[in-house]
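Here is the structure we will look at, set down as structure tokens.
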There are 2 protein chains.
Amino acid sequence: MPQRKSGHVTLLDVARACGFSVSTVSIVLSEAPLSQNVAEKTRQQIRAMARQLGYHPDASARSLRRRHSQTIGVLAYDLSDPFCIPIVRGIQAGLQPTSYLPLLMDAQTERRLFDSYLKMILERRAEGVIVIASWVFEEANLLADVEKNHVPIVIVGRDLTGRGISSVLVDNEAGGALAMRHLHQLGHRKIAVIRGPEELFDSEPRWAGARRAAEEVGIRLDPRLVLQLPSMVDPTSGFQGGLSCVRQMLASGLKFTAIAAFDDLTALGAVRGLTEAGLRVPEDCSVLGFDDVLPAEVATPGITTIRQPLREMGLLAARWTLDALEQREKSAKRPAPRLEMSPPELVVRTSSGKPKRRSAPS
Amino acid sequence: MPQRKSGHVTLLDVARACGFSVSTVSIVLSEAPLSQNVAEKTRQQIRAMARQLGYHPDASARSLRRRHSQTIGVLAYDLSDPFCIPIVRGIQAGLQPTSYLPLLMDAQTERRLFDSYLKMILERRAEGVIVIASWVFEEANLLADVEKNHVPIVIVGRDLTGRGISSVLVDNEAGGALAMRHLHQLGHRKIAVIRGPEELFDSEPRWAGARRAAEEVGIRLDPRLVLQLPSMVDPTSGFQGGLSCVRQMLASGLKFTAIAAFDDLTALGAVRGLTEAGLRVPEDCSVLGFDDVLPAEVATPGITTIRQPLREMGLLAARWTLDALEQREKSAKRPAPRLEMSPPELVVRTSSGKPKRRSAPS
DNA sequence: TTCTACTATTCAAACGTTTGAATGTCAACA
DNA sequence: TGTTGACATTCAAACGTTTGAATAGTAGAA
């Protein structure tokens with residue numbers, strides 16, 4: 001029983017155990033073209049022995065020699081945000097049919113971790129990098145390092161084409177407009193808005209879209225009913241934010257029949273706030289979210305929301321990365337960055353409805 | 001400008017660029033003990049050049065030579081289950097202070113993927129493996145391979161000590177009992193139970209705990225009000241299951257004032273079902289969940305639930321893995337598997353309350 | 001017989017690091 | 001002058017794999 005000190009079974013072990021050279025064993029087990037020349041009997045013998053010993057090729061040695069790792073680094077800003085998961089799923093789906101494997105990292109909304117994981121991805125010689133980053137990051141310096149090593153990179157959730165990086169994100173403005181138009185069609189005229197926190201990239205375009213749509217349909221948005229979430233400390237803090245915004249609105253005594261919230265968790269916070277005050281959703285006040293994450297779907301009432309095609313976005317990011325790898329084979333020069341603004345979609349659930357005739361909470 | 005064809009900057013590049021040998025550069029950049037002997041001026045020069053060129057050591061070459069990868073494989077059965085994330089967080093927290101890095105994989109509830117990722121973890125020469133597996137898997141064969149390579153392994157969410165694998169899981173029975181006692185204390189006597197699907201490991205002990213507690217406090221559980229979820233196809237199908245179970249219960253015309261659901265998503269499905277039928281939670285019927293995942297917290301009413309200390313469980317799994325690595329240095333023989341049954345905790349929110357005097361929905 | 005072609009297998013170099021041993025330099029000491 | 005030791009740097013082998021080139025062995029063709 002050939003027990004290596006390293007604890008791992010190597011080609012040499014298998015070779016010795018069945019009396020062939022390391023080369024032959026390698027050729028057979030890696031199914032190299034040359035393996036057609038190897039006698040069927042030999043192949044069977046080698047494979048049997050490899051299985052018996054529990055041989056697994058050493059990925060380090062292999063990628064060192066082959067000069068590629070078959071790996072795509074996937075760096076998510078925070079996996080505890082339900083927003084990230086479908087994107088990751090899309091990426092996985094896009095990589096599945098190829099021989100590339102995702103190397104998944106979770107930065108936990110910590111700049112320090114983000115940096116160190118990105119470094120690690122580079123050290124592991126990932127051949128491409130996909131960054132999921134709706135959160136605030138000043139990626140400038142480290143992403144530069146990625147480029148310096150000629151590793152193609154795609155970012156999901158932010159537009160960084162200005163810095164030469166291909167970007168996939170939802171059309172936030174269209175989404176904001178979609179929300180506003182839906183509320184208008186239901187008959188709402190006094191609409192409160194909870195904007196995203198200042199430092200979040202998505203906040204501005206969503207608000208711009210909502211404002212534009214409101215103007216188009218002739219709704220006047222009362223500035224006193226347009227609140228802004230405070231800075232977020234983690235992905236779920238939108239809930240608390242939504243809750244306190246609604247308390248504030250109710251305390252103000254102003255009338256409103258609907259709330260367009262920044263995202264689904266904010267919307268859930270709003271529902272909580274309204275319920276606390278004895279108001280019913282949607283009878284007394286409609287609530288709209290954004291993103292379409294799991295909690296919005298399984299809450300009761302189900303949150304009407306603006307769905308981001310997250311899975312598709314992840315899929316696209318994977319495809320672009322693979323494209324870039326192919327391109328790199330052919331031409332040396334770096335292709336121009338690409339931009340996708342995916343169309344959002346209105347998902348009507350039960351948190352929105354027509355306003356009561358005798359309107360207004362409070 | 002030394003542009004390597006491989007696209008990556010190597011030690012040789014740095015060496016040539018500043019006129020020292022590869023050895024010296026390696027010694028300096030890896031901060032080997034010998035680097036104390038290297039002139040301060042030299043060190044600075046080398047470091048500056050490395051930074052300028054964007055050098056990152058090749059992890060493959062390094063771990064090949066050093067014979068260890070500083071990596072712990074983390075294989076989650078399905079990251080889209082909110083249950084997994086806090087565990088992963090705990091693992092990350094446990095690994096943080098060490099130089100080990102988590103290699104995170106998401107099996108997407110697919111046996112095929114589970115196997116191929118486990119294989120990959122082995123090929124990457126992860127020094128330890130943590131498997132998160134509340135889901136059904138017959139891991140026998142592949143986990144055996146892990147053992148064959150002397151890689152310590154810890155499983156979270158199932159008891160596999162019988163197969164010699166250290167296991168961390170919640171004390172499901174205690175949890176089930178906790179739920180039942182809470183409902184009893186509130187004054188409920190007619191309690192419906194939604195059991196987990198047959199193939200899920202957790203189902204049986206939770207039910208056993210509930211039954212035991214019911215007996216202890218003198219509650220008779222009507223077998224017609226004990227339903228079982230159908231087989232799950234994905235982690236969120238508990239919602240649909242809970243919904244249809246409640247419809248069934250209501251259709252039966254039997255009276256009950258509370259529902260103890262298998263997990264939080266099932267509970268949310270139950271709330272939906274009750275609401276559909278015009279019943280209020282908790283006034284007309286209390287609902288209890290299990291796990292304490294995000295959607296339970298942000299729904300309104302907040303779901304009263306049995307909290308699993310997921311983060312702590314992940315932390316423990318990480319610690320045990322590190323322990324095993326240390327042990328392995330010292331003694332050759334494999335230590336006995338360890339077992340942790342973490343105590344669950346009752347989290348009271350607003351989905352549970354006293355039954356109405358004139359009780360019972362119908 | 002020699003040549004060619006094919007089959008089956010092995011040699012040996014290389015991938016980028018690390019590291020124990022070796023080399024060289026310089027100053028101080030005997 | 002030679003010896004010792006400290007310092008600064010380099011040599012060269014090794015990690016486990018892959019692969020172009022080389023080596024045998026066999027068989028059929030000229």
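All chains are named by letter (A, B, ...) in the order of the sequence lines, taking the proteins before the strands, and each is independently numbered beginning at 1. As the structure is a computational prediction, the values presented were derived from the model and not from experiment.
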- Item | Touch class at under 4.0 angstrom, heavy-atom based, for A:S63 against every strand present | nothing
- Residues B:S63 and B:S69: closest non-hydrogen pair is CB-CA, 3.8 Å
- If only side-chain N and O atoms of A:R62 are considered, is one of them under 4.0 Å from the OP1 or OP2 phosphate oxygen of D:dT18? yes
- Message: Could you tell me if A:S26 and A:S23 have a donor-acceptor pair between their side chains, going purely by distance under 3.5 Å?
- Response: no
- Task: To the nearest Å, give me how far apart CD (B:E40) and P (D:dA8) are.
- Result: 11 Å
- Message: Whether the side chain of A:R65 and the base of D:dT18 hold a donor-acceptor pair under 3.5 Å is what I'd like checked.
- Response: yes
- Item | B:S26 side chain near C:dT18 phosphate (N/O to OP1/OP2, under 4.0 Å) | yes
- Expressed in angstrom and rounded to an integer, what is the separation of A:D58 atom CG from C:dT17 atom P? 16 Å
- Check the pair B:L75, B:L118 against side chain to side chain contact (heavy atoms under 4.5 Å, CB included), reporting the backbone distance first and the verdict last. CA-CA 7 Å; B:L75 182 45; B:L118 193 51; 3.9 Å; yes
- Nearest atoms (heavy-atom pairs only) where B:R158 meets B:S167: O-CB, 3.1 Å
- Atom-to-atom span, CZ of B:R43 to P of D:dC7 - whole angstrom: 12 Å
- Message: If you only use heavy atoms from C-beta on, which nucleotide in D:dT17, C:dG16, C:dT18 is closest to the side chain of B:L64?
- Response: C:dG16
- Inspect the surroundings of CD in A:E31 and state if more than 12 heavy atoms from other residues, nucleotides or ligands are less than 6.0 Å away. no
Identify all pairs in which a protein N or O lies below 3.5 Å from an N or O of nucleotides 9-11 of chain D, and state each distance.
unit_1	atom_1	unit_2	atom_2	d
D:dT9	OP1	B:T42	OG1	3.2
D:dT9	OP2	B:A39	N	3.2
D:dT9	OP2	B:T42	OG1	3.2
D:dT10	OP2	B:S21	N	2.9
D:dT10	OP2	B:S21	OG	3.0
D:dT10	OP2	B:T24	OG1	2.6
D:dC11	N4	B:S23	OG	3.0

- Query: Whole Å only: how far is the CD atom of A:E31 from the C1' atom of D:dT18?
  - Reply: 15 Å
- Item | Whole angstrom value for the distance that separates P of C:dT17 from CD of A:E123 | 10 Å
- Atom CD of A:Q36 and atom P of C:dT7 are separated, to the nearest Å, by 10 Å
- Do A:E40 and A:Q44 have a side chain donor and acceptor closer than 3.5 Å? yes
- To the nearest angstrom, how far is A:R16 atom CZ from C:dT9 atom C1'? 18 Å
- Query: Roughly how many Å is it from CG in A:L11 to P in D:dC15, rounded to a whole number?
  - Reply: 13 Å
- Item | N/O donor-acceptor pair under 3.5 Å between A:D81 side chain and A:C84 backbone | no
- Could you check which of C:dT17, C:dT18, D:dC15 has an atom nearest any side-chain atom of B:A61? C:dT17
